[in-house]
Amino acid sequence: MFELLGIPPQALFGQLLLGLINGSFYAILSLGLAVIFGLLNIINFTHGAQYMMGAFIAWMLLNWVGIGYWPALVLAPVIAGVTGVIIERVFLKRLYHLDHLYGLLLTFGLALIIQGLFRNYFGSSGLPYQIPAELRGGQNLGFMFLPNYRGWVVVASLVVCLATWFIIEKTKLGAYLRAATENPTLTQAFGINVPLLITLTYGFGVGLAAFAGVLAAPIYSVNPNMGADLIIVVFAVVVIGGMGSIMGAIVTGFGLGLVEGLTKVFYPEASATVIFIIMAIVLLVKPAGLFGRTA
Amino acid sequence: MAEAVLDKAPAATAAKAMLSVRDLHAWYGESHVLHGISLDVAEGEVITLLGRNGAGKTTTLKSIMGIIGKRRGQVTYQGQETVSLSSRAIARLGIGYVPEERGIFSSLSVEENLMLPPRVREGGLSVDQIYELFPNIKERLTSQGTKLSGGEQQMLAIARILRTGANFLLLDEPTEGLAPVIIEQIGRTIARLKREGFTIILVEQNFRFAQSVADRHYLVEQGRVVDMIPNAELDQNIDKLHAHLGV
Ligand SMILES: Nc1ncnc2c1ncn2[C@@H]1O[C@H](COP(=O)(O)OP(=O)(O)O)[C@@H](O)[C@H]1O
Ligand SMILES: [Mg+2]
């Protein structure tokens with residue numbers, strides 16, 4: 001049995017895996033924030049509440065309608081995405097010509113309302129959600145034990161992140177999106193329906209958050225506050241990565257999850273703050289973020 | 001005043017005009033920039049807007065295109081009133097816009113820039129015809145759009161509009177800041193488009209260039225059309241022109 005700096009490998013790899021899991025959530029959520037901010041110019045503070053909604057919709061589908069995990073993985077993001085479309089059409093579209101601050105205040109207020117409603121109805125103690133039967137158990141890798149579900153979370157979020165990157169960077173729809181992000185007026189003057197693009201983008205970003213929420217449901221208990229706790233860290237991730245870049249959001253999300261995991265092994269006292277320390281350093285050295293473009 | 005100017009345009013009576021602009025006003029916020037522009041463009045014509053910097057030429061094109069927040073007056077395109085339409089709807093009528101700053105997207109490759117504007121009508125140039133017209137573009141398809149030289153960006157900005165089938169073009173200073181050989185190439189392109197039946201409003205500072213391609217010239221000053229000169233009479237009016245353009 002080898003040891004690294006006196007750390008047993010099980011502990012090291014166990015924490016790295018935890019870090020990778022957290023990083024999966026950071027990546028999906030900061031990706032959604034980056035996509036929304038790019039096109040809408042709105043810092044979507046509702047994102048954490050929408051992640052929580054994803055988990056709750058999965059729970060409701062299971063307990064009220066009898067629809068299980070796998071269909072919920074698609075249905076919950078779609079349902080949450082539709083609520084996002086409504087929010088965009090009713091509220092956000094009135095704010096585009098105003099300062100960022102208004103969007104931030106509105107989405108922050110919406111987050112408080114949504115979380116309050118769920119707390120009222122479901123309480124804040126948390127509801128259990130079973131790991132789907134196909135993903136129970138785990139693999140003994142020799143150097144560590146890998147629970148199947150955790151492996152699945154990492155793979156699923158990687159696939160979703162890369163698929164999103166592909167759509168945005170490599171497809172015609174993505175070209176519309178990039179063009180509208182860069183110069184909405186001219187894009188619209190070519191006959192492209194930019195308002196529709198904006199609505200769909202917000203719905204898609206919300207859907208990403210809800211997808212992360214469904215992935216999280218079997219790991220963490222389904223709880224009205226689950227998003228509020230996470231979103232603060234995700235905003236730090238976004239600041240570190242920079243708002244501008246899709247790949248930046250993905251890489252920074254996974255990377256910071258790993259950094260957090262490593263910190264838990266080598267200096268546990270700092271594990272809750274390490275991301276904020278990195279954020280402070282990045283803000284000092286490269287204010288636009290690691291992957292951000294200075295405007 | 002505006003009416004008197006229009007009377008001198010036998011080729012473009014209001015009835016035959018493809019585009020007719022009457023008493024067009026436009027604002028940037030509180031600042032009133034166009035004070036009643038009137039002009040007509042007949043099908044197949046190339047007309048220019050000549051005038052000093054800040055006269056309102058770009059704003060006129062933007063107002064026709066529907067990308068000025070506040071505008072008032074009449075813009076009639078093929079019999080249809082367009083002042084109340086969004087720029088998206090105006091583009092769909094077949095009007096193609098090449099902005100002064102060229103508007104090449106840096107987050108798109110050259111090819112993506114070329115393919116970006118959707119087809120709005122039948123009869124646009126095929127990609128092969130575009131490569132034949134602008135061979136440089138074909139060489140650079142995978143480059144970032146804004147990595148092209150100024151001249152290549154200008155050609156790309158024109159090329160992507162020709163793909164869409166738009167047959168009414170708004171070209172805002174396509175020769176600005178370009179080398180003489182490139183200006184020549186753009187001049188040949190405009191002449192060819194004219195032969196193929198395109199209708200064009202061209203904004204130009206370079207009135208020698210304007211003279212080489214246009215049928216008529218509108219002089220714009222302080223947000224108004226102050227004169228209209230048929231191309232054949234341009235040389236006789238050279239003094240007037242110099243006075244207006246300040247050259
Ligand atoms: N975005 C803008 N905001 C405020 N004023 C503007 C803006 N763009 C142009 N102007 C003003 O409008 C007037 C006409 O400008 P423009 O149409 O660009 O002139 P031209 O194209 O003939 O040089 C100028 O006085 C200019 O300063
Ligand atoms: Mg101009």
Side-chain angles (χ1 to χ4, degrees), chain A residues 31 34-41 89 93-99 164-201 242-249 288-289 291-295, chain B residues 28-29 58 61-70 82 85-121 124 142 144-146 156-157 159-166 168-170 172:
Chain A
L31 178 61
V35 172
I36 291 172
F37 180 77
L39 191 57
L40 282 78
N41 254 334
R89 286 285 84 191
K93 73 162 188 190
R94 298 166 201 278
L95 303 180
Y96 298 139
H97 60 287
L98 299 173
D99 191 84
T164 304
W165 172 84
F166 183 85
I167 292 170
I168 294 175
E169 297 295 337
K170 300 291 167 197
T171 67
K172 183 78 191 222
L173 181 65
Y176 284 162
L177 199 84
R178 277 174 283 139
T181 298
E182 194 176 327
N183 189 342
T185 307
L186 184 60
T187 305
Q188 169 106 338
F190 286 148
I192 294 166
N193 193 338
V194 174
L196 178 66
L197 215 52
I198 290 176
T199 305
L200 294 180
T201 298
M243 272 291 195
S245 152
I246 299 303
M247 198 43 108
F291 296 85
R293 278 165 281 203
T294 19
Chain B
Y28 290 104
T58 295
L61 295 194
K62 285 184 176 175
S63 302
I64 294 170
M65 202 60 233
I67 52 181
I68 287 287
K70 191 172 164 201
T82 65
L85 297 183
S86 70
S87 62
R88 172 164 40 107
I90 293 172
R92 297 268 169 193
L93 296 174
I95 303 184
Y97 177 49
V98 178
E100 186 169 11
E101 67 285 357
R102 293 167 190 143
I104 299 304
F105 295 92
S106 69
S107 54
L108 273 61
S109 69
V110 169
E111 185 169 22
E112 286 174 325
N113 268 286
L114 178 63
M115 302 311 249
L116 182 77
R119 287 186 192 282
V120 293
R121 290 178 75 257
T142 56
Q144 187 187 350
T146 43
L156 179 55
R160 68 180 168 190
I161 286 307
L162 298 180
R163 238 196 77 254
T164 67
F168 191 105
L169 310 183
L170 308 175
D172 199 344

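All chains are named by letter (A, B, ...) in the order of the sequence lines, taking the proteins before the strands, and each is independently numbered beginning at 1.
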Side-chain heavy atoms of T181(A) within contact of S107(B), under 4.5 Å: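 No, every pair of side-chain atoms sits at 4.5 Å or beyond.
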Heavy-atom side-chain proximity of F190(A) to V120(B) below 4.5 angstrom: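 Side-chain contact under 4.5 Å: no.
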Enter the distance from [X]:[atom1] to [Y]:[atom2] here, rounded to the nearest 0.5 Å.
{"X": "S109(B)", "Y": "K170(A)", "atom1": "OG", "atom2": "NZ", "answer": "8.5 Å"}
{"X": "T146(B)", "Y": "E182(A)", "atom1": "OG1", "atom2": "CD", "answer": "7.0 Å"}
{"X": "T185(A)", "Y": "I68(B)", "atom1": "OG1", "atom2": "CD1", "answer": "10.0 Å"}

For [X], is it the side chain, the backbone, both, or neither that has a heavy atom closer than 4.5 Å to a heavy atom of chain A?
{"X": "I161(B)", "result": "side chain"}
{"X": "L170(B)", "result": "neither"}
{"X": "P118(B)", "result": "both"}

Residues K172(A), E112(B): salt bridge by 4.0 Å N-O rule: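 So K172(A) does not pair with E112(B) through a salt bridge.
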Search all heavy atoms of [X] against all heavy atoms of [Y] and return the closest pair with its distance.
{"X": "Q188(A)", "Y": "S86(B)", "result": "NE2-CB, 4.2 Å"}
{"X": "A179(A)", "Y": "L116(B)", "result": "CB-CD2, 3.7 Å"}
{"X": "G191(A)", "Y": "R92(B)", "result": "O-NH2, 2.8 Å"}

Top of L186(A), T187(A), N193(A) for chain B proximity - count of heavy-atom pairs under 4.5 angstrom: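 Sorted descending by pairs with chain B, the first entry is N193(A).
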Residue list, side-chain hydrogen bond (donor to acceptor under 3.5 Å, both in side chains) with R89(A), at least two apart or on another chain: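 R89(A) satisfies side-chain hydrogen bond (donor to acceptor under 3.5 Å, both in side chains) with T199(A) only.
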Sequence-distant partners of R88(B), side-chain hydrogen bond (donor to acceptor under 3.5 Å, both in side chains), two or more places apart: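 Expected list: none.
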